[in-house]
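Worksheet: one structure, shown below.
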Amino acid sequence: MNAATLDVTLPDGSVRTLPAGSTGLDLAQSIGSRLAKAAIAAMVNGQEVDISVPLSNGAQVAIITADSDAGRHVLRHSTAHVLAQAVLQHFPGAKFTIGPAIEDGFYYDFELPDNKTFSDNDLEAITERMRAIVKADQPFVRAEMSAAEALELFADQPYKCEIIERVTTGAADGSDASEVSGDGSVSVYRNTESFVDLCRGPHVPSTARLGHFALMKVAGAYWRGNEKGPMLQRIYGTAWESKSALDEHITRLAEAEKRDHRRLATEMDLLSFPSELGGGLAVWHPKGAIVRKIMEDYSRYRHQHGGYQFVFSPHIANAQLFETSGHLHFYKDGMYPPMEMDNGTYYPKPMNCPMHCLIFRDRQRSYRELPLRLFELGTVYRYERAGTLHGLLRIRGFTQDDSHIFCTEDQMADEITSLLDFVLSVLRQFGFNDFEFKLSTRDLEKSVGSDEIWDKATTALREALNRHGVEYSVKEGDAAFYGPKIDIDVRDAIGRKWQLSTIQCDFNLPERFGLEYIGSDNSRHRPIMLHRALFGSVERFFGVLLEHYGGAFPAWLSPVQVRVLAVTSQHEEYAQSLVKRLRAEGFRVDTAEADEQLGKRIRSAKLERVPFVLVVGDDDVKNNTVGVNPRGGEVIRDVQVDAFIAQLHEETRTETAIGNL
RNA sequence: GCCGGGUUAGCUCAGGGGCAGAGCAACCGCCUUGUAAGCGGUAGGUCGUGGGUUCAAUUCCCACACCCGGCUCCA
């Protein structure tokens with residue numbers, strides 16, 4: 001190279017020589033005009049920068065295009081700036097705060113003058129202003145400056161000043177990441193004479209590169225997520241690289257909406273939340289209850305075969321118990337209020353663990369009994385704050401598939417390993433195959449137990465994950481005060497993540513309850529307690545399943561597995577005999593009388609997502625056959641009844657084993 | 001708990017200071033049907049609850065309950 005040129009290395013390892021002073025855009029141009037058109041930013045030596053930044057000699061450079069994750073991130077962040085400019089136009093005197101890109105979109109938080117809030121009409125007007133800004137082809141012009149200069153620039157924007165001050169005092173953290181980089185420098189991006197925003201960048205070169213966006217919803221949000229801080233007004237939006245990508249996203253949202261478990265629960269007559277019952281409390285209708293029962297039966301079956309012992313415990317307990325467990329100290333806000341009785345104060349239980357500790361403690365325990373695995377489908381009540389309730393996913397009365405395992409320190413690692421096996425095998429049965437693991441470690445601010453035990457437990461959890469050879473993320477300081485844990489997220493059929501199972505170590509309750517066992521050394525030792533929920537809550541898991549399958553439960557779970565339809569009333573008798581026969585085989589079968597046309601009855605069955613519709617007419621009566629119309633499959637005529645029954649047994653085979661309990 | 005929005009027939013939703021509306025579902029009748037909506041009729045409502053304003057409130061105002069979208073929370 002010489003002074004007039006520079007060399008850069010591309011992601012494929014090739015080196016390109018460009019005139020000195022060339023920018024990312026020049027590079028893209030030199031590679032191809034299509035790339036140049038798609039380029040919106042550059043990755044230079046691992047740092048995202050504007051496409052207009054001159055490249056340095058020897059740099060590693062990748063062009064960021066709009067249709068990549070990084071590219072969409074940039075254009076979403078840029079769209080957030082456009083939103084801010086539009087809002088400041090629409091509400092003169094508004095204060096703007098932060099506006100990051102998020103999954104599928106962006107948001108921006110504002111404090112509006114006179115405590116105003118956004119209305120739907122405002123969203124339309126703001127969208128119009130945004131379109132005008134996009135059309136105006138405003139450049140994003142970066143400038144770097146000292147904190148003092150920035151403070152002057154944003155003198156009438158207190159939230160921006162607060163962020164700048166946090167940079168200068170080194171207090172900036174992840175929540176500031178979209179606005180400023182962590183290195184103490186301050187940069188701004190100016191679109192027009194009057195609109196400039198604090199930002200680390202990078203941004204698209206001009207607002208004309210944006211435009212495939214939609215403002216989605218308004219919401220309140222606390223400044224810095226602090227409940228005691230001011231309530232800001234947030235606008236959420238989504239933005240994409242093309243019209244078609246935006247449309248696809250909107251379609252995906254509509255699809256997700258159709259799977260909403262609350263909608264399906266009503267449509268399918270599974271359960272309801274009568275308001276007279278109170279918030280967050282559900283009643284299960286027969287069709288929902290049968291699915292739930294099958295889930296629970298399966299869970300019991302697996303636990304029975306997994307070395308667990310079943311226990312039961314009451315729904316309320318004397319306050320003394322929760323004094324001992326510490327719940328009244330640590331968890332009182334989450335508990336239903338007490339009932340004053342003539343012999344003391346009673347609380348509905350928010351957890352089952354104290355009860356299980358009492359069972360352990362009831363008599364002297366030997367190391368030979370460990371690990372002792374207690375299991376209960378235990379119904380608990382938690383006073384969730386009103387605004388947090390959400391269908392079955394956040395509810396006030398629910399049933400945990402709760403087990404508590406008492407073991408020695410030395411057994412911990414093996415026990416956790418086999419627990420992971422157990423959990424994953426059950427989740428797979430329910431149709432989940434995509435898992436993510438999170439290890440939460442000690443929060444030094446609030447935790448009980450010695451360094452030694454925390455290390456040992458955390459190592460045991462880590463080891464179990466390693467033995468499974470699975471990837472996991474570590475959430476530092478995210479553990480409960482009583483011990484580290486593994487949380488398992490599953491991905492559902494349309495890619496959404498749900499946190500279900502959890503495996504938690506507990507050093508606190510054994511201490512509080514004074515749990516002990518006699519070791520092989522004939523002296524007393526304190527057991528480790530493991531909390532393990534697999535479904536998490538039966539209700540929540542049911543809700544997730546419902547969304548996962550979009551209501552089309554696999555045959556073994558379906559409330560109605562087979563519907564028999566007579567073509568005309570002359571075939572009713574045959575239909576009834578089939579119903580009887582299939583019921584005798586253990587299947588859930590019903591029929592719809594021929595007082596509506598066949599097409600209509602089939603349609604109803606399909607809408608109810610019945611896995612198999614059997615249509616029977618003259619030919620079938622004569623030949624002892626059925627016409628099989630499977631959900632999502634092709635109709636097959638003239639199937640021998642015995643053959644269909646065999647097929648149905650096969651279809652539900654692994655699961656019917658639980659019928660033998 | 002906080003910020004918005006909402007609650008009208010079983011469901012989905014329209015309406016709006018003066019007799020309460022549609023589609024689907026339900027019920028009744030006709031049709032006797034071979035693989036996703038046959039035809040006709042009937043019934044269905046304290047417009048979430050309580051208070052207020054008004055000659056008059058389902059409609060406007062206030063409170064409460066419940067729901068929805070977020071925030072916070074989920075030991």
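Protein chains get the first letters and strands the later ones, always in sequence-line order, with residue 1 at the start of each. On a predicted model such as this, the values are computed, not experimentally measured, just so you know.
Candidate nucleotides B:G34, B:U35, B:U72 were compared by shortest atom distance to the side chain of A:Asn629, and B:U35 ranks first. Considering only side-chain atoms of A:Val615, the nucleotide from B:U35, B:G69, B:A36 that sits closest is B:U35.
Nucleotides B:G45 and B:U8 are separated by 15 Å at their P atoms, to the nearest Å.
Annotation for A:Met355 and A:Lys349: closest pair CE-CD, 3.5 Å, computed over non-hydrogen atoms.
Among the heavy atoms of the strands lying under 4.0 Å from A:Gly627 is at least one base atom, whether or not backbone atoms are also near. The residue A:Arg262 sits close only to the backbone: its heavy atoms come under 4.0 Å of sugar-phosphate atoms, none of a base. A:Asp620 comes within contact range of at least one nucleobase, with a heavy-atom separation under 4.0 Å.
Under the Watson-Crick and G-U wobble criteria, each requiring two contacts below 3.5 Å, nucleotide B:U7 is paired to B:A65. Across all strands shown, B:U53 has no partner, as no Watson-Crick or G-U wobble contact with both distances under 3.5 Å is found. Nucleotide B:C30 forms a pair with B:G38, judged by Watson-Crick or G-U wobble geometry with both contacts under 3.5 Å.
The ring of A:Tyr108 has its center no closer than 6.0 angstrom to the ring center of A:Phe106.
Taking 4.0 angstrom as the limit, A:Tyr236 places a side-chain polar atom (N or O) nearer than this to OP1 or OP2 of B:C71.
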